[in-house]
Each structure stands twice: as C-alpha cells, then as structure tokens.
Amino acid sequence: NGEKFLIDCIESIQRQTYKRIEAIFIDDGSSDNTCEIVESFCQKYTNVKQYNKSNGGANSALNTGIHVAHGEYIVFFDCDDELESTYIENLIAPVTTDNSIDIVIGGIRIVDHDGSIRRGNPGFNGSVSHERVIEARFKRNGWYFTSRGLLFKRTLYDKYKLPETYTNAEDIIALYDLIHIADGLYAIDQDQYIYKRNNTSNTSRVDIRCFKDSLDVTLLIDRKSVV
C-alpha cells in the first residue's frame, strides 16, 4: 500500500538523467489506490509497467519483477522512496567501461519519521573485494546492508532466486549470497537513494515475527562467515 508516496516515487524515476529505464511495479495485493495510481502512469509513460499478483512478500514480488524485466541491469526501489535525478546515471557509469562488474554498490540516505537524515554510504570508491564489503557490513561503519542503492547485472539472477521465506530483512541474506557469486564489485560513495522510513513500512513495524526473522537472518550470515 503506497498511495501516499507513489506519485513522488514515479516522478523521481521519470526525472532521471539516464533515460533508458523500464520501471516495473509489482502489485502483490494492495488494498488502497496503489494499483489505480500506477495504471494512470502506465497510460502516461510507455516505460512504466505494472503486473499484479497475489501477496507473497517482498522477495516474491521482486522475483516477479526480475522475471519480466528486459534490461541488462536491475536496480530495486520501494514505492515510498525517491531517487535523485542522477542516481541511475552514476550507478550505470562504471559498467559502461568495465563489463566484468556484476554489482555496483552505492548508499542510501535515510529520512526518519521526524525529518532527520542519516547517511549510509559505503565509505569507499572503486573496485572492491568481496571480503571488504562483508567486513564493512559487520563493522557497521554507517553503510546499511541493503539491496537499495545498488545496481545488479541481470545475469546474476539466472543463477540465483531471491529467497521468499522471510518477511522482514528479507534482502540481507540474498545480498550476501549475490555478493559472493558476483565476479566483480565496484563501489561509489554516494547516497542518492532516498529511503523514507514511515509507520507502515516493514522496517518500522515491530512484532515478534520481525524479530525472529531478523535474528534468523543474522545468525545465518554469521554462520556463513565463519565457514
């Protein structure tokens, strides 16, 4: 359910300086006017597409989007977030000169409920090892370990399907796996993905299931790290 933020999200996509974009929206059981709002933009812009499915969680929706996508590279975004105008242009720049790069790692700018801003940049630029990326996550140097703010080569998902078991922090273990199967990683120290924390998002909801999922995911990552 993203009707309160959806127009700002889509308009930020249309303002991108890099124009070869296919914007795919997966409606997996919204109960507000989200579907109708996206459909109106589909009529207005030829690069905006909408697909409907039954509710199966965030990664289930992302897997659907990956399946129908036509592009060579993929970025993920939430319908209540926004992108600065040069966001895609800056993420795509490294892969235009080096085809061996599978993931471009950027950062996010978190806007909290009270309007305060926290910056989550990688803290480094250029080609980077798998070990340094994982180490930065565990040292919690201010960079948030999330697939938002990153660019992925489409062929990574020919080898890997996002797990659909977890309902919270669902992209953490997927990102960990993708980093390890990627051949080349490249970091850009920017935070042009504007991540809005609101009372209806999964990152703001507090319940026992969320704690359990987050704990399980953290334990799985810790266990993998020592193997």
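The first residue of the sequence shown is numbered 1, and numbering continues consecutively from there. Side chains included, hydrogens not; waters and symmetry mates left out as well; all remaining heavy atoms used.
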Output yes when a side-chain donor or acceptor of N125 lies under 3.5 Å from a complementary backbone atom of D189, and no otherwise.
yes
Donor-acceptor check, side chain of S129 to backbone of R132, threshold 3.5 angstrom: yes or no?
yes
Does H130 reach the main-chain N or O of A182 with its side chain, forming a donor-acceptor pair under 3.5 Å?
yes
Can you check whether V104 reaches P94 side chain to side chain, under 4.5 Å on heavy atoms?
yes
Polar contact flag, side-chain donor to acceptor under 3.5 angstrom, S85-Q16:
no
Which pair of non-hydrogen atoms, one from V75 and one from L150, has the smallest distance, and what is that distance?
CG1-O, 3.4 Å
D78 side chain to D80 main-chain N or O, any donor-acceptor pair under 3.5 Å?
no
Stepwise salt bridge (charged side-chain N to carboxylate O under 4.0 Å, His left out) test for D81 and R148
CA-CA 10 Å; D81 296 336; R148 303 327 183 246; 5.5 Å; no
Do I105 and Y157 share a hydrophobic cluster (ILVMFWY, side-chain heavy atoms under 4.5 Å, transitive)?
yes
With side-chain contact (heavy atoms from CB on, under 4.5 Å) as the test, would you mind laying out the steps for N52 and C35 before giving the verdict?
CA-CA 8 Å; N52 299 312; C35 187; 3.8 Å; yes
ILVMFWY network linking F77 to V68, side-chain heavy atoms under 4.5 angstrom
no
Of all heavy-atom pairs between Y193 and G149, which one has the smallest distance, and what is that distance?
CD1-N, 3.9 Å
How far apart are the closest heavy atoms of I101 and I103, and which atoms are they?
CG2-O, 3.5 Å
With rounding to the nearest 0.5 Å, note down the distance linking CD in E164 to CG in N59.
7.0 Å
How long is the straight-line distance from CG of N33 back to OG of S40, given to the nearest 0.5 Å?
10.5 Å
Given the rule in the side-chain contact (heavy atoms from CB on, under 4.5 Å) test, do I13 and L83 qualify, once you have shown the distances and angles that lead to the verdict?
CA-CA 7 Å; I13 294 170; L83 314 174; 4.1 Å; yes
Residues pairing under salt bridge (Lys or Arg N to Asp or Glu O under 4.0 Å) where one sits in residues 90-103, two or more places apart or in two chains, turn out to be D102-K153
Side-chain heavy atoms nearer than 4.5 Å, only ILVMFWY residues, links allowed to pass through others: does that put Y160 and I66 together?
yes
Could you check L156 against I181 for side-chain contact (heavy atoms from CB on, under 4.5 Å), going step by step and ending with a plain yes or no?
CA-CA 8 Å; L156 284 173; I181 67 174; 4.1 Å; yes
If you count heavy atoms of other groups shown closer than 6.0 angstrom to NE2 of H180, is the number above 12?
yes
I need the minimum non-hydrogen distance between C42 and V48, along with the two atoms involved.
SG-O, 3.4 Å
Judged by atom type as modelled, is there a donor-acceptor pair below 3.5 Å linking the side chain of D28 to the main-chain atoms of S54?
no
Take a 6.0 Å sphere around NZ of K53 and say whether it holds more than 12 heavy atoms from other residues, nucleotides or ligands.
yes
Below 4.5 Å, heavy atoms only, C-beta onward: do N90 and Q190 meet side chain to side chain?
yes
To check you understand the geometry: which heavy-atom pair defines the closest contact between I188 and L91, and what is its length?
CD1-CD2, 3.6 Å
Show the nearest heavy-atom pair for residues K19 and Q14, with the distance to one decimal.
NZ-O, 3.4 Å
Check whether S12 reaches the backbone of E82 with its side chain - one donor and one acceptor, N or O, closer than 3.5 Å.
no
Is there side-chain contact between L6 and I10, with heavy atoms separated by less than 4.5 Å?
yes
Does the side chain of L185 come within less than 4.5 Å of V133's, by heavy atoms?
yes
When rounded to the nearest 0.5 Å, the distance separating CD1 of I108 from OH of Y87 is 9.5 Å
Roughly how far, to the nearest 0.5 Å, is CD of Q192 from CD1 of I88?
9.5 Å
I'd like to check L151 versus I92 (side-chain heavy atoms, cut-off strictly below 4.5 Å). Are they in contact?
yes
For residues 20-27, which side-chain N or O atoms pair as donor and acceptor with protein atoms under 3.5 Å away, sequence neighbours left out?
residue	atom	partner	partner atom	Å
E22	OE1	H70	N	3.1
E22	OE2	H70	ND1	3.0
D27	OD1	G29	N	3.1
D27	OD1	S30	N	3.0
D27	OD1	S30	OG	3.1
D27	OD2	S30	OG	2.6

What class does the angle between the rings of Y45 and F41 fall in, given that below 30° is parallel, 30 to 60° is tilted and above 60° is perpendicular?
parallel
Residue pair R109, E84: steps toward the salt bridge (charged side-chain N to carboxylate O under 4.0 Å, His left out) verdict
CA-CA 10 Å; R109 188 184 319 158; E84 287 198 359; 2.5 Å; yes
Any donor-acceptor pair under 3.5 Å linking the side chain of D191 with the backbone of G107?
no
How about F76 and F152: are their ring centroids closer than 6.0 Å?
yes
Does the T96 side chain pair with the main chain of A93, one donor and one acceptor, at a distance under 3.5 Å?
yes
